Protein chains: 2
Amino acid sequence: MIETSARLLALLSLLQMRREWTGTELAARLEVGPRTIRRDVDKLRSLGYPVEAAPGVAGGYRLGNGAELPPLLLDDQEAIAVAVGLRTAAAGQVEGIEENSVRALAKLEQILPTRLRRRVSALSHATSAFQLEGPRIDPDALATLAAACRDAQRVRFSYMTGDQRDTRRLLDPAAVVYSGYRWYLAGFDLDRDAWRTFRLDRITSAVRVEGRGQRRVVPGGDPAAYIQRQIRGRRNGGAGDGAGAEPPPGRIRLHADADTVRPRIPAYYGSVEADGAGYCIATTNGPWNRSFLVWAALLEVELEVLDPTELVDVAQATGTRLSAGASAGRAGG
Amino acid sequence: MIETSARLLALLSLLQMRREWTGTELAARLEVGPRTIRRDVDKLRSLGYPVEAAPGVAGGYRLGNGAELPPLLLDDQEAIAVAVGLRTAAAGQVEGIEENSVRALAKLEQILPTRLRRRVSALSHATSAFQLEGPRIDPDALATLAAACRDAQRVRFSYMTGDQRDTRRLLDPAAVVYSGYRWYLAGFDLDRDAWRTFRLDRITSAVRVEGRGQRRVVPGGDPAAYIQRQIRGRRNGGAGDGAGAEPPPGRIRLHADADTVRPRIPAYYGSVEADGAGYCIATTNGPWNRSFLVWAALLEVELEVLDPTELVDVAQATGTRLSAGASAGRAGG
DNA sequence: CGATTGCGGTCACTTCCTGACCTCAATTCG
DNA sequence: CGAATTGAGGTCAGGAAGTGACCGCAATCG
């Protein structure tokens, strides 16, 4: 009964679109008798989707929230909104759900009709330009890689190593992991016949899917732990492939308690530690960046830019520019 | 054939989870014969969901992307990620999809199991604290109101009018609209027996749903146009209910071409207009705020803070603080 | 070439879906 | 309070479909 199944889905879709439907309305929409609607409602209930019903003149059917999540039936616009929202969340703009966002995104983009996929890509590129600083990754690449990891598909891309060499890679991807600041890809490099870790923001070409690869599990089994080890080893002078000198973190001392500052710093900017009573030191998660400086300036507390010297210079320059801008405005207006 | 329908959904779920499945695997998972799997695949195809198949030793079934979007089958984690992503997108952090995000959100939150709903609420409150400035709204309220509009449900809440009076409202909500900067609610106020427009950021209590209301259509029929008129009328001195003096927009003159600046300003911050060759003026969409200033400072071009004077003062103060911070850092380090 | 995998026809059996009829219960509104 | 509306659910008969078992065929990979 293909028709029955289709009708059940349609019924679910209708119930998700609007809250209240009378049996007669549903019957008209689905072109069956009201008795069949009642039976279909029973079927939905037996599938675990709680359909509430109220008798009487103000009654009707309504989809409640039960123990399990029914299939989501989205229209085009909604699907685009979901995809774009997931992409920004995955990009680290919404903390704490990055990996789950990527999983959901891989699921959604796999089944997204091509016409919608184009619009999602266009929209998310348009908005991602506003990410002030920090690692900027291509959401298309992220989605593609996540799907490739899940499906054990071989991928090919160009990669900028730490010493600025552009290299070509062919690998069996194993996992995509978010470090709290950056996205990393772990995979088995087929040309080099060894495990490698890549930073997504250093992938310089579109990621091409090459078809079925071999399913690999990172050494140790836990991708997050593996990548943590890799990053740490690299920082301690390990000349790992793709490693490279990266700017040091920025540190700013703030004249305020750590507890008052901490809730006001986005986790992807950095962390805060107390430094005596009434003072604290904020450190960026990754290399120093100007957004961090600006965030600190907006706190409206006195501050000391500790290091690196580049950050001190930028603070000086930005401060001067703002002061000059203020004076110019006063003079002009 | 309730079992058949359930199996079709399960099959769809499996195909969304992983890319490649052999018929035998699927048969084992679903506890039916392989022949039935083939028939089910045919059914999915006839429903418009293109299942690709490849024969041979490396073959298998795979869900392709077709003309229409199949129902999304999410697990708990993914559903949370989707909901949180939609909430931040709806809050205006991702421009251009606010209204669609809210629609999708209303759909999702309606069917979200309670245990997940709590986690979504907690997570999105935690992250929304980082929204630097601009109108801050309660994502719970937004989702509730959007659902209430869709379902013609009466709502009750407290509202802070423009002149700082806290009032209680009972209304039939009609539409929730994003102005490009703020969320507004249009509805028929039952106590005052007239149409009213509300700013979501001025709703001071949790929104309570009071049960079935009367479905209302805003005067004129187009909610967006209606609310635009209301806002404009209010700005021009109309003493509308809930109106009030709000800070003026901020304006900054930048020493750069409008075309180079424009792609670097998030639309919810403001807009850019050319001001002679090599200069442009950026204006906030809503009242001036400090994030806007910071955004301008990050552009690394010379700037003049035009008005209001408060913004000039803040620029001066921030500039001084940064310079001082730089000097302190140099001295200390 | 052989192994694996999907495709699809046929047959017989079983299942259950559907519409039509009925009565009952709950709710709203005049 | 009573009429109207709406959902719940039992039963029946006819028809439609799903299912598993069997078969041979075609495509792909190594």
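Given the structure is predicted, the values throughout are model-derived calculations rather than measurements. Every chain is numbered from 1 and lettered A, B, ... according to where its sequence line falls, protein lines coming before strand lines.
With rounding to whole Å, B/K43 atom NZ is found 15 Å from C/dG8 atom C1'. Per the geometry, CZ belonging to B/R39 stands 7 Å off C1' belonging to D/dG20, to the nearest Å. A/I2 has its CD1 atom 12 Å from the P atom of C/dT18, to the nearest Å. Protein atom CG of B/L26 is 12 Å distant from nucleotide atom P of C/dT5, rounded to whole Å. Taking atom CG of residue B/D40 and atom P of nucleotide C/dG6, one finds them 14 Å apart after rounding to whole Å. Atom C1' of nucleotide D/dA17 and atom CD of B/E3 are separated by 14 Å, given to the nearest angstrom.
Note on ring orientation: taking the six-membered ring where Trp is involved, the planes of B/W195 and B/F188 are perpendicular (angle over 60°, cut-offs 30° and 60°).
Listed by first and then second residue, the salt bridge (Lys or Arg N to Asp or Glu O under 4.0 Å) pairs that reach into residues 24-36 of chain B are B/R18-B/E25, sequence neighbours excluded. Sorted by first and then second residue, the pairs that involve residues 137-157 of chain A and meet ring-ring contact (aromatic ring centres under 6.0 Å, His included), not counting sequence neighbours, are A/F157-A/F198.
As judged by a 4.0 angstrom heavy-atom cut-off over every strand, A/R62 is placed among residues making no nucleic acid contact.
The phosphate of D/dT19 has OP1 or OP2 within less than 4.0 Å of a side-chain N or O from B/T4.
Side-chain polar atoms of A/D166 and A/S158 form no donor-acceptor pair below 3.5 angstrom. Of the N and O atoms on the side chains of A/R169 and A/T167, at least one donor lies less than 3.5 Å from an acceptor on the other residue. For B/Q110 and B/R150, the side-chain atoms include at least one donor-acceptor pair closer than 3.5 Å.
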Between the protein and nucleotides 2-9 of chain D, list every N/O to N/O distance that falls short of 3.5 Å.
unit_1 : atom_1 : unit_2 : atom_2 : d
D/dT6  : O4'    : A/G56  : O      : 3.0
D/dT6  : O2     : A/G56  : N      : 3.4
D/dG7  : OP1    : A/G23  : N      : 2.5
D/dG7  : OP2    : A/G23  : N      : 3.3
D/dA8  : OP1    : A/R45  : NH2    : 3.4
D/dA8  : OP2    : A/Y61  : OH     : 2.4
D/dA8  : N7     : A/R38  : NE     : 3.3
D/dG9  : N7     : A/R38  : NE     : 3.2
D/dG9  : O6     : A/R38  : NH2    : 2.8

